[in-house]
Amino acid sequence: MFRARFKRQLPLHLMVVPSFLLVLVFSYGPIGGLVIAFQKFSIVKGMFDSEFVGLANFEYMFALPDIWLVIRNTVVIAGMKIVAGLAVPIVVALLLNELRARVFKRWIQTLIYLPHFLSWIILGGILIDILSPSGGIVNQLLGVFGIEPIYFLGSTSWFPGVVVISDVWKEFGFSTIVYLAALTGINPALYEAAVIDGANRWKQTLHITIPGMLPIVVLLATLSLGNVLNAGFDQIFNLYSPQVYETGDIIDTLVYRLGLEQAQYALATAVGLLKSVVSLVMISGSYYLAYRYANYRIF
Amino acid sequence: MNRKRRNTCAIAVIATALALTTACSNTGTTNNGPAAQPPAAETNTNSPSTETPVIDPNAKYDPPIEISTVRYTDSSFRFPDGDSIDNNVWTRAYESELGIQVKNLWVVNGDQYNQKMNLSIASKELPDLFMVDAKQFRELAEAGQLEDLTPLVEQYGSELTKEMIERGTNAKSAATYDGKLLAIPPAEDYYGGAPLLWVRTDWLDKLNLPEPKTMDDLLTIAEAFTTGDPDGDGQNNSYGLAASKDLIGGYPDLSGFMNGYHAYMNIWIKDESGKLVNGSVQPEMKTALGKLQEMYKSGQIDKEFGVKDGGKAAELQTAGKVGMSFGAMWNPLWPLQDSVTNDPNAEWGAFPIPSADGTPASAQSKADFNSFWVVKKGAAHPEAIIKLFNLYNDKIVSEQADPANFHSKDGFEYFKYALLSNGFGTPQGLLSVHKNVIAAVAAEDPSGLVPEEKSYYDNIQLYLGGDRAQWGTNKVFGENGSWAVIGANYADQNLLKKSEFYGAPTPGMTEKQAILDKLVLETFTKIILGAPIDSFDSFVSDWHKLGGEQITNEVNEWYADKS
């Protein structure tokens, strides 16, 4: 019985082998390199001969003068991104789903999807221009309503908001597609039945569409909680400046300046490990909660 | 490639069935017969006539030896058809003139070189000859993995090589560890990064202003450029001085402004007691920042400079909205050339740093020694590096230099292919180029110029003939240009403040420099944007507390050890 099934599936197993090997070599192999997080790493000595220093790299990191400020910035920005990054695409997907003109729907879908392909190095330059208080289009528009020009990228109170909004603007089209795909998976018979029962559009959305897409929402929410310490290095690195360090400097930018510019690889590894551990805890925790209260399982 | 050659050889051998192995002998592995014929000896300057086997520094290796190395290229590396980093004028010269076959173990893009080098070091797969940065150099030196070049330079170095190695005392000292020369010292260039003052001279004429001789002049000019409508569009939309969020750097470089007040940002200077101190935390800096704050407040500096990098700042300046900037000698090529191209009336003048008091101001400059060519300990032919450097100097620097074949021609920059090419340049740097070009322009006789100089000469002639697209070259090398100002002030009057520290980063720097850099940049920016000027005092004590004191001590220890 088992042998027969294995024999039948053998070609499939063989097909998995190369990717399995690749994962082993490139994803599991390098985990061993994490050992340098506990070393006083010297490139000449390498990871086998460098001296072990226990948790000294972590202690050093938490002794940095600005570390708590930086952690706060990271969590605030990442948290806002997680919430907005979930809410906006869901709403947009629901609205797009109600559009009758298919051509129009496709157009919108493509247009909001486009910014996803621009890199932050390009968007950084564009944002500096359009958000400029002296000639930027955003402030000119605000001027029409009699609002004084706002120095978006130079003000410590505005900076995190700008980062979150611009990130959502860039990425929401991409996530919207995922939700739209989930919507197409809902059985049309349910809607027909609801119409017969006298449900209007709103009731249909509330009782069929939203419950129908809930699994994918829970999945993406669970996964995104792992990003609680990822506030988006390439975005912030291209937008921040010394005057907004106070609310804009995040763990990744700090580690970039400390770990890479000063070649402190052990420290950079220690921070990376710490972030991974936090991600693991957050994802496991939220998965457990999703399983417990929403009866949702991925595996 | 290798296999291809072997195959061709094999076919040739079978087909002709002759033992004429000359075609194969260049692989260097078989040297049974034909190696007996010595190749025509190269010019032996010191002919060995004595009986004892003396070392002939110019002798060609016979049979040829193989040296392994590693290289990088980038988009600026262009090769004539059929050539590559593995096979080009330089590698052919190494083989034909020195009998050295260079084998590149790996070639990567320039921005990956350091990382790849780290990997090679960590995996202990060092080539015979390679280039490292300051930190790698120190680690390798401490671990005793580098060959001592001191005796080799003595035995094999040509006169010119010795001169090139001696030409920068600081560079040589940076390449020395424990009294031994472990690397070919990099070029030492303090002039190229020193700030100059750039002023829209057509605006000066328009507003009847004098040239800036003192900082007071500069402040007056900055105010007039801001309020006097120098661009004549009837709007109050121009600025006196350019700035960017990095504050200092090649362009725009506020360190030039600070130097006018004898303040020196981020470099190590000697105080009255002879100890090294960091310029950023000296009281003079407070004065300079106070002046910048006043200028910002009165709108003489772009309100948004704090979010703009150099490229963004340049957009404003080339659009004709900024009348002054501090920056390095290459500023005429970028960004000022764009300003001149955009506006037929625009003209920029180069000036030395004005002074706020009676003492002439010195321009600050820091040489980062960050590329060292070294030889792996235990390499079979450590002296090859000296021979290669001899050849390099012979082809590029000496009287018999052959720039058309080895420097550059038709847009191909051959010199980039060469090993040790960071030894590039003459002791005087581009200053001598400027002097030669100026003399040739005056005499209208370019016959004595090397091709590099000739190309500048040609561009200057085009500019003098009315081609404003060549304005930049003229402003760098020509009359009243960057190098004229550098020569007359920074060189001849010694008005250059060199950073006294040029070693590898100290342990304290590795750990804390990033924190201090952030503190300095954040505080300075905030003060310029209007924070109370007295916050400078608490900044100074913070700086010392957060590691500045430790680094200062380490820098002084390094200084004491060095001398």
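Every chain is numbered from 1, with letters handed out A, B, ... down the list of sequences. Computed from heavy atoms alone, side chains included, the values below leave out hydrogens, waters and symmetry copies.
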(Q) Does atom OH (A/Tyr265) have a neighbourhood of more than 12 heavy atoms from anything else shown, all under 6.0 Å? (A) yes

**Q.** B/Lys312 side chain reached by A/Ile128 side chain, heavy atoms, under 4.5 Å
**A.** yes

Q) Roughly how far, to the nearest 0.5 Å, is the CG atom of A/Asp66 from the CG atom of B/Leu546? A) 8.0 Å

Q) Under a 4.5 Å cut-off applied to non-hydrogen side-chain atoms, are A/Ser134 and B/Glu304 in contact? A) yes

**Q.** Residues of residues 111-122 of chain B contacting chain A, heavy-atom criterion under 4.5 Å, by residue number
**A.** B/Asn118, B/Ile121, B/Ala122

Q | By side chain to side chain contact (heavy atoms under 4.5 Å, CB included) - contacts of A/Leu55 (at least two apart) | A | A/Phe38, A/Phe58, A/Glu59

Q: Please look at B/Lys124 and chain A and tell me whether the side chain, the backbone, both or neither of the residue comes under 4.5 angstrom of a heavy atom of that chain.
A: side chain

Q. Minimum heavy-atom separation for A/Pro242 to B/Gly306, with atom names?
A. CD-O, 4.5 Å

(Q) Quick check on the interface: out of A/Met47, A/Glu246, A/Arg257, A/Gln264, who has the most heavy-atom pairs with chain B under 4.5 Å? (A) A/Gln264

Q.
Tell me which pairs pass ring-ring contact (aromatic ring centres under 6.0 Å, His included) where either residue lies in residues 119-156 of chain A, with sequence neighbours left out.
A. A/Phe152-A/Trp158

Q: Sort A/Tyr240 into side chain, backbone, both or neither according to what part of it lies under 4.5 angstrom from a heavy atom of chain B.
A: backbone

Q) Is any residue of residues 132-142 of chain B within less than 4.5 Å of chain A by heavy atoms, and which ones? A) B/Lys135, B/Gln136, B/Glu139, B/Leu140

Q. Relative to chain A, which segment of B/Lys303 carries a heavy atom at a distance below 4.5 Å: side chain, backbone, both, or neither?
A. backbone

Q: Please indicate whether A/Ile121 has more than 12 foreign heavy atoms, meaning atoms of other residues, nucleotides or ligands, lying under 6.0 Å from its CD1.
A: no

**Q.** B/Lys518 side, atom NZ; A/Leu64 side, atom CG - distance, nearest 0.5 Å
**A.** 9.5 Å

Q.
Quick check on B/Thr525 against chain A: is it the side chain, the backbone, both or neither that has a heavy atom closer than 4.5 Å?
A. side chain

Q | More than 12 heavy atoms from other groups under 6.0 Å of CZ on A/Phe52 | A | yes

Q) What are the two closest heavy atoms between B/Val307 and A/Gln243, and how far apart are they? A) N-NE2, 3.6 Å

Q | Enclosure of A/Leu118 CG (heavy-atom neighbours >12, cutoff 6.0 Å) | A | yes

Q) So, the side chain of A/Tyr245 versus the backbone of B/Leu521: is there a donor-acceptor pair under 3.5 Å, distance only? A) no

